[in-house]
Enquirer: 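Dumping the structure here so I can ask a few things about it.
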Amino acid sequence: MIWMPIVATLCHIIKDGCFLLQKKSIGLFGGGKWNGVGGRLKPGESPEVCVRREVFEETGLKLLNLKFHGILNFYFGDREELDWVVHIFSTTNFEGEPKSSEEGELRWFDFEEIPFEEMWGDDRYWIPLVLKGKNFCGNFYFDEEGKRLLDFDLKSE
């Protein structure tokens, strides 16, 4: 059997020194954790088209410009196979007011108050790079349940 990783996007929306995060609904992947907004690519969809669609579906916001920061690879458990490939974007330019959806609750956080203890274990390492406008790539290795970050390598330009 050929193993295919899930390919997804994540966008961090920034406004006036604040960061928009979504607390994923229980029952969804990452349920109960705060995260950026995004989702899985549909067949034939580019990462940029996907992130614009996902952000609109989950927040009602129309993205006017995007900065691509890089790609993060995620591994879960004792396997060598890649589980997730995530294209990371940010924006400071959008239209609309954010509205929560069935995907989860939305909330603005000051940069100094990002709730890293309620987020994925990798976020504390690369989100500061997003805030600085940097590009990066990395690999993150979690236990099977995704509760503990076991190892990582992260390179930034």
Enquirer: Under 4.5 Å between any side-chain heavy atoms of Phe111 and Leu131, yes or no?
Expert: yes
Enquirer: In terms of side-chain geometry, is the basic nitrogen of Arg53 or Glu45 positioned less than 4.0 Å from the acidic oxygen of its partner?
Expert: yes
Enquirer: Looking only at atom types and distance, does a side-chain atom of Ser100 sit under 3.5 Å from a main-chain N or O of Leu106, one as donor and one as acceptor?
Expert: yes
Enquirer: Give the C-alpha distance, both sets of side-chain angles, the deciding distance and a yes or no for ring pair (Phe, Tyr, Trp, His ring centres under 6.0 Å) between Phe142 and Trp120.
Expert: CA-CA 10 Å; Phe142 283 87; Trp120 288 96; 5.7 Å; yes
Enquirer: Can a salt bridge be assigned to the pair Glu103 and Lys24 using a cut-off of 4.0 Å between side-chain N and carboxylate O?
Expert: yes
Enquirer: By the definition ring pair (Phe, Tyr, Trp, His ring centres under 6.0 Å), identify the one residue from Phe74, Phe29, Tyr75, Phe140 that meets it with Trp84.
Expert: Phe29
Enquirer: So Asp143 and Glu145, do their side chains get closer than 4.5 Å, heavy atoms only?
Expert: yes
Enquirer: Does the side chain of Ile88 reach to within under 4.5 Å of the side chain of Cys11, using non-hydrogen atoms?
Expert: no
Enquirer: With Leu154 as reference, evaluate Asn139, Leu72, Asp122 under the side chain to side chain contact (heavy atoms under 4.5 Å, CB included) test and give the passing residue.
Expert: Leu72
Enquirer: Are the ring centres of Phe89 and His69 closer than 6.0 Å?
Expert: no
Enquirer: So do Val86 and Thr9 actually touch side chain to side chain, heavy atoms under 4.5 Å?
Expert: no
Enquirer: Is Arg107 paired with Glu105 through a side-chain N to carboxylate O contact shorter than 4.0 Å?
Expert: yes
Enquirer: Before accepting this row, confirm whether a basic side-chain N of the pair Asp153/Lys155 lies closer than 4.0 Å to the acidic partner's carboxylate O.
Expert: yes
Enquirer: So, applying ring pair (Phe, Tyr, Trp, His ring centres under 6.0 Å) with Phe152, which one of Trp126, Tyr125, Tyr141 is it?
Expert: Tyr125
Enquirer: Leu41, Phe56: one ILVMFWY side-chain cluster at the under-4.5 Å cut-off?
Expert: no
Enquirer: Can Lys23 and Glu118 be said to form a salt bridge (Lys or Arg N to Asp or Glu O under 4.0 Å), step by step?
Expert: CA-CA 9 Å; Lys23 189 169 194 173; Glu118 298 177 56; 3.8 Å; yes
Enquirer: Mind checking ring-ring contact (aromatic ring centres under 6.0 Å, His included) for Phe109 and listing every partner two or more places apart, or none if nothing turns up?
Expert: Trp34
Enquirer: Could you give the distance from SG (Cys50) to CG (Leu10), rounded to the nearest 0.5 Å?
Expert: 10.5 Å
